[in-house]
Undergrad: 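Before we start, here is the structure in question, set down as structure tokens.
No experiment lies behind these values; they were computed from the predicted model shown. Numbers here simply count residues along the sequence, with the first being 1.
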Amino acid sequence: MAPLPAAPQPGDADFIALALQQAEAAWQAGEVPVGAVVVDAQGQVLGAGYNRTITDSDPTAHAEIVALRAAARRLGNYRLPGVSLYVTLEPCVMCIGAMLHARLARVVYGAADPKTGACGSVLDVGAVVRLNHQTTITGGVLAEPCGNLLRQFFRARRAKESPT
């Protein structure tokens, strides 16, 4: 039986707000505004990141991967049990796969991604019980501001690209 989506916990909105700050930094860098933070059980931020695919010429440099790499370096271990990742946009297949390999306790995201979301929108990788690790997934935390930031970014990008 697949795990049910988990309800938000106290503090989740605060950490998504930190991830939103990362997303805003991504926009300033010319990247799609997605941000992520990795937090331990005591509420200490272990890593943060935003999309860097264009900046780094790296298709794997999604916000979640950047934040996971920072946290893993800080702890000196690729496994991050008991740790939570907060991200402004529903993770894709690559990112949720990395989170499962890292053995995260929780994944919390803001806006759903109807095109590439792999936590229930397009696929539900976290619900595959045959995988060797299960992670609690909570979606929709501060979904409106997370989604609005993305919509504003793409609206501005389309306006810039359209001939006047």
Undergrad: Any side-chain heavy atom of Asp113 within less than 4.5 Å of one from Cys92?
TA: no

Undergrad: Working to the nearest 0.5 Å, report the span between NE2 of His101 and CD1 of Ile96.
TA: 11.0 Å

Undergrad: Between Thr136 and Leu104, is any pair of side-chain heavy atoms under 4.5 Å apart?
TA: no

Undergrad: Test Arg74 against Gln44 for side chain to side chain contact (heavy atoms under 4.5 Å, CB included), laying out the working first.
TA: CA-CA 12 Å; Arg74 181 167 179 179; Gln44 181 177 357; 2.5 Å; yes

Undergrad: Compare all side-chain heavy atoms of Arg103 with those of Asn132 and state whether any distance is below 4.5 angstrom.
TA: yes

Undergrad: Taking C-beta and beyond as the side chain, do Thr53 and Pro59 meet within less than 4.5 Å on heavy atoms?
TA: no

Undergrad: Going by the salt bridge (Lys or Arg N to Asp or Glu O under 4.0 Å) test, which pairs reach into residues 45-59, not counting sequence neighbours?
TA: Arg52-Asp56, Asp58-Arg69

Undergrad: What distance do Gln22 atom CD and Glu24 atom CD have between them, rounded to the nearest 0.5 Å?
TA: 10.0 Å

Undergrad: Just grab all the ring-ring contact (aromatic ring centres under 6.0 Å, His included) pairs involving residues 25-60, residues at least two apart or on different chains.
TA: Trp27-Phe153

Undergrad: Applying side-chain contact (heavy atoms from CB on, under 4.5 Å) between Leu46 and each of Val39, Val37, Leu75, report the one that passes.
TA: Leu75

Undergrad: With heavy-atom distances below 4.5 Å as the criterion, would you say the side chains of Val38 and Val45 are in contact?
TA: no

Undergrad: Quick one: pull up CG in Leu20 and OG1 in Thr88 and give me the separation to the nearest 0.5 Å.
TA: 6.0 Å

Undergrad: How long is the span from the OH atom in Tyr109 to the OG1 atom in Thr138, to the nearest 0.5 Å?
TA: 9.0 Å

Undergrad: How long is the straight-line distance from CE of Met94 back to OG1 of Thr116, given to the nearest 0.5 Å?
TA: 10.0 Å

Undergrad: CG of Leu89 to CD of Glu64: how many Å apart, nearest 0.5 Å?
TA: 7.5 Å

Undergrad: Using a strict 4.0 Å threshold on nitrogen-to-oxygen distance, state whether Arg151 and Glu144 make a salt bridge.
TA: yes

Undergrad: Hydrophobic clusters here meaning ILVMFWY residues chained together by side-chain heavy-atom distances under 4.5 Å, can you tell me if Tyr78 and Leu80 are in one?
TA: no

Undergrad: Evaluate Val108 against Val87 for side chain to side chain contact (heavy atoms under 4.5 Å, CB included), listing each step before the verdict.
TA: CA-CA 6 Å; Val108 180; Val87 61; over 6 Å; no

